[in-house]
Asker: 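Starting off with a structure, shown below.
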Amino acid sequence: MRKLDDRLLELMKERNWKNMTEIQQKSLEPILSGKNTLIIAPTGYGKTEAALIPILDMMLKTNVKPVSLIYITPLKALINDLTLRIEWWASRLGFYVNRKHGEVPQKEKNLRLKITPHILVTTPEGLEIDLDWATRFREKYKNVKWVIVDEIHELIGSKRGVQLSVLLERLKDYIGYDFQRIGLSATINDEDLVASFLFGSSSRQSEIVKVNDKKEFELSIVKLNSVGDIWKNVAKHIISSVEKPSLIFTNSRFLTERLHEELEEYDKDFYVHHSSISRESKSNVEEYLRTGKAKGVICTKTLELGIDIGDIKKIIMFRPPPSVASFLQRLGRSGHKIYGKPRGEIICIYDHDLLEAYAISELAKLGKVERQSICKPIDVAAREILGMILQYDEVEKEKAYKILTSSYVFRNLSEKTFNELIEYLAKNNLITIKGDKLSIGKFFFKLWNFNRNNGYSWSRGFSEFFSTINSTDTFTLKWEDKNIGEIDAIYVYKHIRSGDIIRIGGKLWKIIRINTSRMVVDVLPADKGDGEIPVWRGDGISKSYLLPKEIYVLFKEKRKEISDIIDKYVSRNLPLPSPNVIIEEKRDKEIVYSTLINEKIASTLAHILLYLATSKDSLNNYARYSIYGFSINYTEKDLLEELLKYNEKELKRIIIRSILRSPLFISTLKEIQISYGKLGKIDTKEDKLIIKDALRQAISKYFSIKKTIRFINKIKRGKIKIIKYDGSTPLGDAVLLQAPIKPWITGISTIIYDTLKGGAYTLAELSESLGISQKSLEAKLKQMRKPESKYRIVSFIDVDSRETRWCLMEDLENIVKSCDFYTSFNPINSDETFIASLRAINSTTTTDLIFKPKEIIDNPEEIIRRIPFEEIGEMRINDPVDPLVYNISPRFYYVNKRVAPYLLLNAVAYIQNMKYS
DNA sequence: ATACATCCAAGAGGGC
C-alpha cells in the first residue's frame with residue numbers, strides 16, 4: 001500500500017489516532033489510484049476523513065491550484081460542522097477552506113474572491129448559483145480535481161439529487177476535466193444505482209467500498225395500555241424508560257409539542273426540536289444535548305441526520321418510524337462511538353403499530369433496506385437549461401442536449417422531448433431560440449425578479465430559482481427581534497387571533513399582533529394557559545413498501561409477539577391478514593377493504609373508488625388508504641365489485657382520469673409549472689408538456705398503474721379473495737385512522753366555499769391561501785353574495801381590526817356567537833336608537849326601520865318580520881340625532897333578511913367603536 | 001385528532 005505523506009501521519013498522531021478506521025483504510029487505495037469511489041458506512045465511522053485524507057495526500061503531492069476540491073453536503077448545519085472539521089486538517093497543511101450557503105455572512109462569502117480556497121464546502125444549490133451566476137468565482141472552478149458528495153442517500157431520490165447530477169456534468173463540461181467523484185452514503189439498498197447516479201458520464205474506473213455493517217442493536221418494543229388517558233400513560237412510560245440523554249423521535253411536529261407538554265409536568269429537562277422552530281432555539285437544544293443538560297429531546301426527522309450531538313444513550317421512538325432506512329438512521333444516533341451498540345425502544349399505541357415495529361426490526365436485522373427510485377423530472381431539466389444559458393449567455397442546442405443526457409437521470413431523454421421542451425420555453429419567453437443558439441428570453445427576469453417588492457404579484461425572488469424545493473407560505477413568530485418559529489399561513493388565518501396562547505418549541509406564547517403583509521406574528525412569552533399547538537401540513541409520510549410484505553411473514557409464522565392480534569382474527573373466524581385476502585367491512589359510514597397491500601396500489605384504488613363515487617354521488621365523498629387497505633364512504637353499491645366489470649383498457653382510462661382529478665396531481669402541477677414559465681391556468685391543449693410531466697411525477701410518487709391493474713386481475717381470477725364481514729378488524733381500524741382524501745373540484749366557488757367553511761377571512765387572507773389575485777377574488781366574492789349563488793356568502797366588519805371579513809351565510813350565526821368576533825357583534829351601548837335603511841334589489845326606494853340594538857339581541861325574529869322583502873339589495877344604518885353616522889355606516893349588499901339582524905348589530909358595533917374609542 | 005425534511009444573488013462601485 002502507498003504510504004501517506006508524513007505531514008498527514010503527523011496530524012494523525014496529533015489527533016491521537018492509533019489506527020484509521022476500517023472504512024478509512026479500505027478507501028485509501030481506490031481513491032489514491034484515481035478511481036471514482038462510493039463509500040458506504042453508517043454514521044460515525046469517519047467517512048469524511050476516509051475521503052478527505054487520501055485527497056489531501058494527493059493535494060500535497062501534486063502542485064494543486066485552488067479550487068481543488070468541492071465538498072457537497074445537503075444541510076447548512078452540516079456545512080458549518082464539516083468546515084471546521086476539514087479546516088483542522090487543511091489549515092495545518094497550508095490549504096484554505098471556505099464555506100458557502102444561504103446563511104453565511106456576505107463578508108465571509110466575499111473573502112473567497114480575495115483568497116481562493118483550496119476546498120469549498122457547499123450545497124447543491126450553492127454549486128448551482130456559482131455555475132449560473134458567479135461570473136468571477138466560476139473561473140476558479142477550472143482547477144477542480146475532486147468532488148465529494150456527502151450523505152448522497154439523502155439526495156438521490158429527490159429533485160435536489162437530479163439537479164446535482166446535471167450540475168456535475170455541467171461542471172465537467174465547463175472545466176474540461178474528468179474530475180474524480182467520491183460519494184459518501186449510509187446503508188442503502190441499491191449501491192450500483194447510487195454509483196451510476198453519482199459517476200454519471202465520468203470515464204474513470206470506479207469502485208464501491210463498504211464496511212460489513214454489523215446489524216446489531218438492542219431494541220425493545222412495548223405496547224402501552226390504551227385505557228385511561230393515553231398521553232399520561234405515554235409520559236409515565238417515557239419517564240420510567242428514559243436514560244440521560246435520550247432522543248425521543250415522533251412522526252410529526254405536532255406530536256413533539258404535545259408529548260413535551262405532558263413530559264414537562266414530570267421533568268423540566270425535556271426539549272423540543274423540529275423544523276418549525278428557529279435555528280437559534282434548535283442550536284440551543286443541540287447544545288443542551290452535548291453538554292448533558294438535557295435529559296431528553298423530543299424531535300422529528302430533523303435530528304435523524306446531521307451534526308454531532310454527542311453521546312446519546314438511548315433512542316425512544318414514539319410509534320414506529322415509516323421505513324427501515326429511517327429506523328436505522330434514528331437508531332444510529334445512539335452508540336455513536338464506532339463500536340458502540342445502538343440501543344432503542346419503540347412505543348406502540350395501536351395494534352398495527354406493533355405489527356410495524358416487529359416488521360421493521362426484523363427487516364433491519366436481515367439487512368433489508370428500501371430501494372431508492374429515481375424519476376425523470378423534466379421541470380428540473382428546464383431549470384438546468386436556463387442555468388446553462390445564464391452561465392454562457394448563449395448555448396448551442398446541441399451542447400445543452402449533450403450535457404443533459406450525459407447525466408445518469410436524463411441519459412434516455414429523447415431529442416424529441418428536448419426539442420419540445422425548448423420550444424415550449426421559448427413560447428413562454430423564458431428563452432429565445434435563434435438558429436441553433438439558445439439565449440435568455442425577455443420574460444425570465446420578470447418571472448425571477450431581483451426585487452420582489454417591486455415585482456409583479458406573480459413574480460418569484462431570483463434566489464428561489466436556484467432551489468428545486470418548493471416552499472409553502474409561513475408566518476414567522478417573533479418576540480421582539482428574535483425568531484421563535486414558523487407556522488403555516490393557512491393555520492394562522494384559520495385558527496389564530498390576537499390574544500390566543502400557543503405552544504411552540506415547548507414554550508407558551510401570547511399572540512400580540514398578526515401582520516399579514518410582513519407575514520409576521522408578534523408574540524410575548526406566556527407562563528400559563530392552555531396553549532394551542534399548531535398543526536403543520538405536510539405531504540403525509542408514506543410507509544415503506546417492505547412493511548406489508550414483512551407483516552405478512554409475521555402472520556404466516558404466527559409469531560407469538562403478535563398473538564393478541566392473531567387472536568382477534570381467530571376468534572372472529574376470519575383468515576389471518578394476507579395480500580391474498582380482502583376483508584370487506586361495512587362500517588358506520590364507509591366500506592373498508594382491509595388487507596396487506598402496497599401503499600401505492602391502495603392509493604390508486606382509493607382514488608378510483610373516489611372517482612366512481614363522486615360521479616354517482618355528491619361532492620361530499622371521501623376515501624382513505626394505507627398499507628392496511630382502502631375505504632370509501634359510499635355504501636349504496638359495492639364499487640370494488642363494479643370495478644371488476646371493466647376490461648384492462650377501460651380500467652387504465654379510469655385510473656388516469658381519477659389521478660387527473662386528485663389533489664396530489666393538481667399540487668404537483670402547480671409546483672412544477674413555474675419552472676416552465678407558465679403562470680395561471682393550465683390549458684389542456686397548450687400545456688400538454690407540463691401535464692405529462694406532472695402526471696409522470698405524481699404517478700411515480702403516489703400511484704402505481706400497472707400493479708393496480710394486476711391487483712384487480714387477481715381479484716377477477718380469484719387469486720385474491722374478498723370476504724364480506726359484518727364487523728371490524730384491527731387492520732380495518734388502521735385504515736380508518738388515515739386522513740381522508742377528497743376530490744379536487746374544479747370551479748372556483750366550490751374552492752372558496754371549502755376554504756371559508758367554519759371561519760371568516762379577509763380578502764388578503766383568502767387570496768393568499770387560494771393563490772388567486774385579490775382583484776379577481778373580490779369580483780367572485782361579490783357574485784357569491786347574490787341570492788342566486790349556490791354557495792351564499794356575506795361580509796361584515798371585523799371591529800377589532802376594521803377589516804372586512806367574508807364568511808358563508810350558513811356560518812354567520814356561529815361566528816356571531818363565537819368569542820373570536822365578540823366585539824364585532826356586541827354593541828357597546830345597546831340602548832341607542834338607530835334607523836336601518838333598506839333598499840330592495842333592483843329598486844330605488846328605501847324603507848326605514850327604527851330599532852334599538854337591545855331589541856335585536858332580545859328578539860331577532862321581530863326585526864326580521866318587519867323587513868318587507870325577502871332579499872335586501874342594500875342596507876346601512878342612520879342615527880336620528882347624528883346624521884354623520886350615515887356616512888361612516890358600513891354598507892351591506894345582497895343580504896337575505898334572515899341574517900340582516902346580525903349585520904345590523906355589526907354596523908352598530910362598528911359605529912360605536914369608531915365614536916367611542 | 002390528523003401529515004417530515006431539505007434550499008435560496010454576485011460583484012462592482014461608492015462612501016467612510
Side-chain angles (χ1 to χ4, degrees), chain A residues 72-79 100-104 106-107 109-114 122-140 151 153-161 163-164 230-231 249-258 273-277 279 282 299-306 319 321-323 325-326 329-330 349-350 383 387 390-391 445 448-452 460-472 486 488 490-491 532-543 622 624 626 663-664 736-742:
Chain A
I72 292 172
T73 187
L75 306 185
K76 288 182 281 198
L78 280 176
I79 292 181
K100 176 195 160 84
H101 62 67
E103 282 169 30
V104 175
Q106 197 56 46
K107 243 187 179 170
K109 273 195 245 181
N110 289 342
L111 211 66
R112 66 184 194 159
L113 277 181
K114 296 202 183 89
T122 189
T123 55
E125 290 79 6
L127 183 56
E128 175 85 57
I129 291 162
D130 283 352
L131 285 184
D132 296 356
W133 197 241
T135 44
R136 269 191 67 199
F137 191 75
R138 191 160 63 207
E139 291 291 316
K140 317 285 185 191
E151 310 278 5
H153 58 280
E154 277 298 311
L155 292 170
I156 185 147
S158 73
K159 289 192 179 177
R160 291 182 87 190
Q163 178 184 24
L164 180 61
I230 188 72
W231 289 107
F249 281 97
T250 73
N251 297 325
S252 78
R253 286 167 276 193
F254 176 86
L255 285 176
T256 58
E257 301 280 355
R258 183 69 187 84
H273 195 288
H274 59 71
S275 68
S276 293
I277 61 177
R279 180 156 301 277
K282 274 190 281 189
C299 59
T300 55
K301 205 185 157 182
T302 28
L303 282 183
E304 235 179 68
L305 132 128
R319 307 200 53 200
S323 67
S326 165
Q329 288 271 27
R330 289 180 186 187
I349 302 291
Y350 301 104
R383 290 253 188 134
L390 285 179
Q391 178 179 359
F445 286 110
W448 302 102
N449 200 303
F450 286 80
N451 188 346
R452 221 176 301 167
R460 302 287 178 105
F462 181 56
S463 55
E464 290 173 48
F465 171 76
F466 304 107
S467 172
T468 58
I469 302 168
N470 64 305
S471 42
T472 51
E486 290 192 333
D488 286 358
I490 291 209
Y491 187 82
E532 188 180 346
I533 300 172
V535 174
W536 291 269
R537 273 182 74 94
D539 254 352
I541 306 176
S542 58
K543 280 183 183 146
Y622 59 85
R624 307 176 202 262
S626 86
L664 294 173
L736 289 177
L737 282 173
Q738 294 295 311
I741 50 168
K742 289 174 183 169

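Labels below follow one simple rule: chain letters A, B, ... track the order of the sequence lines, proteins then strands, and each chain is numbered from 1. Note that this is a predicted model, so its numbers are computed, not measured.
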Asker: Suppose we screen for side chain to side chain donor-acceptor pair (under 3.5 Å). Which residues come up paired with A/Thr302, at least two apart in sequence or across chains?
Answerer: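 Partners of A/Thr302 under the side chain to side chain donor-acceptor pair (under 3.5 Å) test: A/His273, A/Thr300.
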
Asker: From CZ of A/Arg258 over to P of B/dA1, roughly how many Å is that when rounded to an integer?
Answerer: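 Whole-Å distance recorded here is 9 Å.
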
Asker: Quick check on B/dC4: is either OP1 or OP2 less than 4.0 Å from any side-chain nitrogen or oxygen of A/Arg253?
Answerer: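 Checking A/Arg253 against B/dC4: at least one side-chain N or O falls below 4.0 Å of OP1 or OP2.
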
Asker: Of the nucleotides B/dA9, B/dC4, B/dT6, which one has an atom closest to the side chain of A/Ile541?
Answerer: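 For A/Ile541, the side-chain atoms sit closest to B/dC4.
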
Asker: Picking from B/dA5, B/dA9, B/dC7, which would you name as closest to the side chain of A/Ser275?
Answerer: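 Shortest atom-to-atom distance from the side chain points to B/dA5.
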
Asker: With respect to the phosphate group of B/dC8, does any side-chain polar atom (N or O) of A/Lys76 fall under 4.0 Å of OP1 or OP2?
Answerer: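 Affirmative; the distance criterion is met.
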
Asker: Holding to side-chain contact (heavy atoms from CB on, under 4.5 Å), I want the full list of residues that pass it with A/Leu75, two or more places apart in sequence or in another chain.
Answerer: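 Listed in chain order: A/Leu78, A/Leu305.
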
Asker: Should A/Thr123 be listed as having a side-chain N or O under 4.0 Å from OP1 or OP2 of B/dT6?
Answerer: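 For B/dT6, neither OP1 nor OP2 has a side-chain N or O of A/Thr123 closer than 4.0 Å.
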
Asker: Roughly, in whole Å, what's the span from CZ in A/Arg460 to C1' in B/dA9?
Answerer: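 So the CZ-C1' distance, A/Arg460 to B/dA9, works out to 17 Å.
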
Asker: Base, sugar-phosphate, or nothing for A/Ile741, non-hydrogen atoms under 4.0 angstrom?
Answerer: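 Nothing, no heavy atom under 4.0 Å.
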
Asker: Can you measure A/Lys109 atom NZ to B/dA10 atom C1' for me and round it to whole angstrom units?
Answerer: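 After rounding, the reported distance stands at 9 Å.
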
Asker: Return the set of residues passing ring-ring contact (aromatic ring centres under 6.0 Å, His included) with A/Tyr350 (not counting sequence neighbours), or none when no residue passes.
Answerer: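 ring-ring contact (aromatic ring centres under 6.0 Å, His included) check on A/Tyr350 returns A/His352.
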
Asker: Taking the side chain of A/Ser252 as heavy atoms from C-beta outward, which of B/dA9, B/dT6, B/dA3 is closest to it?
Answerer: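 Among B/dA9, B/dT6, B/dA3, the one nearest the side chain of A/Ser252 is B/dA3.
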
Asker: Using atom CD of A/Glu154 as one end and atom C1' of B/dC7 as the other, report the distance to the nearest whole Å.
Answerer: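 Rounded to the whole Å, the gap is 13 Å.
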
Asker: Going 5' to 3' through nucleotides 11-16 of chain B, assign each nucleotide B (protein heavy atom under 4.0 Å from a base atom), S (under 4.0 Å only from sugar-phosphate atoms) or - (no protein heavy atom that close).
Answerer: SS----

Asker: Rounded to the nearest Å, what distance is computed from the NZ atom of residue A/Lys301 to the P atom of nucleotide B/dC7?
Answerer: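 That distance rounds to 12 Å.
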
Asker: Assess the side chains of A/Ser276 and A/Arg253: does a donor N or O sit below 3.5 Å from an acceptor N or O?
Answerer: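 Per modelled atom types, A/Ser276 and A/Arg253 side chains form a pair under 3.5 Å.
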
Asker: Judged by each residue's nearest nucleotide on DNA chain B, which is more toward the 5′ side, A/Ser467 or A/Val535?
Answerer: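 Closer to the 5' end of DNA chain B: A/Val535.
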
Asker: Can you tell which of B/dA5, B/dC7, B/dC8 lies closest to the side chain of A/His274?
Answerer: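 The answer is B/dA5, which lies nearest to the side chain.
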
Asker: Among A/His101, A/Gln106, A/Lys107, find the one that has a side-chain contact (heavy atoms from CB on, under 4.5 Å) with A/Val104.
Answerer: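 When side-chain contact (heavy atoms from CB on, under 4.5 Å) is applied between A/Val104 and each of A/His101, A/Gln106, A/Lys107, only A/His101 qualifies.
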
Asker: Between B/dA5, B/dC8, B/dC7, which nucleotide gets closest to the side-chain atoms of A/Thr300?
Answerer: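 When the side chain of A/Thr300 is considered, B/dA5 is the closest of B/dA5, B/dC8, B/dC7.
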
Asker: With A/Tyr491, which residues qualify under ring-ring contact (aromatic ring centres under 6.0 Å, His included), at least two apart?
Answerer: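 With sequence neighbours excluded, A/Tyr491 shows a ring-ring contact (aromatic ring centres under 6.0 Å, His included) to A/His495, given in chain and number order.
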
Asker: If the condition is ring-ring contact (aromatic ring centres under 6.0 Å, His included), which residues does A/Phe465 pass it with, not counting sequence neighbours?
Answerer: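 ring-ring contact (aromatic ring centres under 6.0 Å, His included) list for A/Phe465, sorted by chain: A/Phe444, A/Trp448.
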
Asker: Verify the ring-centre separation between A/Phe466 and A/Trp133: is it less than 6.0 angstrom?
Answerer: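 Between A/Phe466 and A/Trp133, which both carry aromatic rings, the centre distance is not below 6.0 Å.
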
Asker: Between A/Glu103 and A/Arg279, is there a side-chain N and carboxylate O pair less than 4.0 Å apart?
Answerer: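 Yes, this pair counts.
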
Asker: Name the nucleic acid region contacted by A/Lys100, choosing base, sugar-phosphate or nothing; use a 4.0 angstrom heavy-atom cut-off, strictly under.
Answerer: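 Counting heavy atoms under 4.0 Å across all strands, the contact made by A/Lys100 is with sugar-phosphate only.
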
Asker: Starting at CD1 of A/Ile230 and ending at C1' of B/dT2, how long is that distance when rounded to a whole Å?
Answerer: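 Taking CD1 of A/Ile230 and C1' of B/dT2, I get 16 Å after rounding.
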
Asker: For A/Ser326, check side chain to side chain donor-acceptor pair (under 3.5 Å) against everything at least two apart and list the hits.
Answerer: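 Once residues adjacent in sequence are excluded, the partners of A/Ser326 under the side chain to side chain donor-acceptor pair (under 3.5 Å) criterion are A/Glu304, A/Arg330.
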
Asker: State which residues pass ring-ring contact (aromatic ring centres under 6.0 Å, His included) with A/His274; sequence neighbours excluded, sorted by chain then number.
Answerer: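 Expected list: A/Trp536.
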
Asker: Rounded to the nearest angstrom, tell me the gap between atom CG in A/Asn470 and atom P in B/dC4.
Answerer: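 That distance rounds to 15 Å.
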
Asker: Go through residues 124-132 of chain A and report each residue with a non-hydrogen atom lying under 4.0 Å from DNA chain B, sorted by number.
Answerer: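 Output list: A/Glu125, A/Ile129.
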
Asker: Roughly, in whole Å, what's the span from CZ in A/Phe445 to P in B/dA10?
Answerer: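 So the CZ-P distance, A/Phe445 to B/dA10, works out to 14 Å.
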
Asker: Under 4.0 Å between any heavy atoms, over every strand shown, what does A/Ile469 touch: base, sugar-phosphate, or nothing? Just pick one.
Answerer: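 Result for A/Ile469 = base.
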
Asker: Starting from the 5' end of DNA chain B, give me the residue, A/Ser158 or A/Ala739, whose nearest nucleotide shows up first.
Answerer: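 With A/Ser158 and A/Ala739 compared, the 5'-side residue is A/Ala739.
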
